[in-house]
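Okay, structure first, notes after.
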Amino acid sequence: MSGIELKSPDEIEKMSRASRVVAEVLDALRHQVRPGVTTAELDRFAEKFIVERGGIPAFKGYQVRDQVYRHTLCVSVNEAVVHGIPSGRALKEGDIVGLDVGVVVEGYYGDAAITVPVGAITEQARRLLQITEESLHKGIAQAVVGNRISDISHAVQVHAEAASFSVVTDFVGHGIGRKLHEEPQVPNYGEPGKGPRLKSGMTLAIEPMVNMGRPETAHLSDGWTAVTQDGSLSAHFEHTIVVTEAGPKILTRL
Ligand code: MF3
Ligand code: CO
């Protein structure tokens with residue numbers, strides 16, 4: 001059927017260790033976010049934190065086509081959807097900031113993202129964050145043995161669109177394990193009942209990206225940052241999970 005690798009308990013233990021560092025660094029970063037802090041400062045904080053815990057930043061050195069990513073974090077501010085590059089830009093009150101991080105421990109990967117408010121944000125922005133995180137959990141709830149991949153996708157889409165937001169279709173979630181990106185792709189949209197069947201030992205990174213306006217994205221000339229075409233705000237939440245006979249288990253949660 002596919003190249004989807006089921007992980008052994010020993011492999012899942014290693015992914016859990018990587019994922020724990022991911023969860024810890026995101027929790028620590030949440031408290032570093034405030035007006036005036038630069039996205040490069042957040043990146044340096046995250047790298048030090050991960051290395052001190054025996055992990056390796058997974059995105060640093062990651063290659064897509066002919067480009068190499070040079071940072072520990074992806075930091076995506078406001079209309080940035082994903083893959084924002086850390087820089088000297090200082091966060092401002094009212095911004096929302098997506099923090100995406102991967103860690104490798106003993107050759108196994110964990111990957112997660114959160115989007116957090118900088119100080120006080122508008123009610124609509126707060127709602128975007130809430131609905132996006134909820135849509136992640138609606139998707140995770142479908143990650144049960146016997147369901148298919150698109151049952152996850154469909155649950156995410158239905159929840160985001162019921163709130164009159166749109167899901168990004170230009171990027172997808174993914175299998176994860178000995179590589180950051182493995183099969184299968186996990187879209188955030190689609191009809192239910194399609195795609196590979198979920199089995200115990202499948203490890204997935206589920207990662208809805210939800211826009212306040214239209215779903216289309218564009219790339220900045222930095223070669224990485226994806227932004228909304230219409231300039232509307234975008235939120236991103238991600239967890240690494242394992243499908244088990246007892247249901248989905250979130251590895252990137254404290
Ligand atoms: N977490 C993202 C993903 O799952 C970011 C990786 S892109 C990188 O695709 F280049 F920054 F590594
Ligand atoms: Co990911």
Side-chain angles (χ1 to χ4, degrees), residues 4-5 7 15-16 18-23 25-26 29 39-40 42-44 46-47 50 55-77 80-87 97-105 107-116 132-133 135-137 139-140 143 149 152-153 156 167-189 202-210 217 219-220 222-227 234-243 248 250-253:
I4 302 176
E5 270 187 49
K7 271 67 177 188
M15 288 183 69
S16 300
S19 296
R20 165 172 289 275
V21 179
V22 169
V25 72
L26 286 177
L29 281 165
T39 59
L42 296 175
D43 188 67
R44 281 194 292 276
E47 178 167 4
I50 290 165
I56 300 169
F59 301 168
K60 222 178 167 171
Y62 189 84
Q63 239 175 306
V64 179
R65 292 175 299 276
D66 55 343
Q67 299 206 95
V68 183
Y69 197 72
R70 302 278 176 201
H71 311 274
T72 294
L73 294 182
C74 296
V75 186
S76 305
V77 182
V81 177
V82 285
H83 303 166
I85 301 177
S87 72
V97 56
L99 303 166
D100 188 351
V101 62
V103 171
V104 189
V105 169
Y108 285 82
Y109 285 74
D111 182 14
I114 56 176
T115 303
V116 297
T132 307
E133 187 169 19
S135 73
L136 169 59
H137 289 280
I140 291 172
I149 285 291
I152 298 170
S153 314
V156 167
V167 295
V168 170
T169 58
D170 297 337
F171 300 91
V172 296
H174 49 96
I176 180 169
R178 289 190 295 161
K179 292 189 295 185
L180 178 60
H181 296 136
E182 298 185 349
E183 287 184 47
Q185 293 198 350
V186 185
N188 296 301
Y189 60 94
M202 270 188 197
T203 44
L204 303 172
I206 303 174
E207 50 177 319
M209 290 140 269
V210 176
T217 67
H219 272 91
L220 295 189
D222 65 19
W224 287 99
T225 313
V227 295
S234 186
H236 178 213
F237 284 83
E238 175 177 24
H239 273 307
T240 294
I241 66 125
V242 55
V243 178
I250 299 175
L251 299 180
T252 43
R253 185 153 74 182

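In each ligand, atom 1 is the first atom listed, and ligand 1 is the first ligand listed.
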Looking at atom 11 (F) of ligand 1, what's its closest protein heavy atom, distance included?
C74 SG, 3.2 Å

With heavy atoms and a 4.0 Å threshold, my read on which part of F59 contacts ligand 1 is both

Are side-chain heavy atoms of V75 and V97 found at a separation under 4.5 Å?
yes

The Co ion (ligand 2) to nearest N/O/S of D100 less than 2.8 Å
no

Validation row: V101, L99 side chains within 4.5 angstrom (heavy atoms):
no

If you measure from each heavy atom of H71 to ligand 1, is any distance below 4.0 Å?
no

Could you tell me whether some N/O pair between H174 and ligand 1 is separated by less than 3.5 angstrom?
yes

Check whether any side-chain heavy atom of I152 lies under 4.5 Å from a side-chain heavy atom of L204, and answer yes or no.
yes

H137 versus H239: any side-chain heavy-atom pair under 4.5 Å?
yes

Would one find an N, O or S atom of H174, in either backbone or side chain, under 2.8 Å from the Co ion (ligand 2)?
yes

Could you walk me through whether T115 and T132 pass the side chain to side chain contact (heavy atoms under 4.5 Å, CB included) check?
CA-CA 9 Å; T115 303; T132 307; over 6 Å; no

For ligand 1, is there an atom lying under 4.0 Å from some heavy atom of G102?
no

Which of the atoms in ligand 1, numbered in the order shown and given with their element, are less than 4.0 Å from a heavy-atom of E207?
3 (C), 4 (O)

Is there a donor-acceptor contact under 3.5 Å linking the side chains of Q185 and H174?
no

Tell me, which N, O or S atom in D111 is closest to the Co ion (ligand 2)?
OD2

What do you reckon, does W224 put a non-hydrogen atom under 4.0 Å from ligand 1?
yes

Side chains of F171 and T217: does their closest heavy-atom pair fall under 4.5 Å?
yes

Mark up the atoms of ligand 1 that fall under 4.0 Å of a heavy atom belonging to Y62, in ascending order.
10 (F), 12 (F)

Which residue, P208, S153, P187, P184, forms the side-chain contact (heavy atoms from CB on, under 4.5 Å) with V172?
P187

For atom 9 (O) of ligand 1, grab the closest protein heavy atom and report residue, atom and distance to one decimal in Å.
H181 NE2, 2.7 Å

Please could you name the atoms of ligand 1 that E238 approaches to less than 4.0 Å, counting only its heavy atoms?
1 (N), 4 (O)

Which atom, counting only N, O or S, brings E207 closest to the Co ion (ligand 2)?
OE2

Return yes when D100 approaches ligand 1 closer than 4.0 angstrom through a heavy atom, no otherwise.
yes

Can any side-chain N or O of T203 pair as donor or acceptor with the backbone N or O of I176 at less than 3.5 Å?
yes

Whether the Y62 and H181 side chains hold a donor-acceptor pair (N or O, under 3.5 Å, no angle test) is what I'd like checked.
yes

The atom of E238 among N, O or S that is nearest the Co ion (ligand 2) is OE2

With side chains defined as the heavy atoms from C-beta onward, is the minimum distance between L73 and L42 less than 4.5 Å?
yes

For atom 7 (S) of ligand 1, closest protein heavy-atom neighbour:
H83 NE2, 3.7 Å

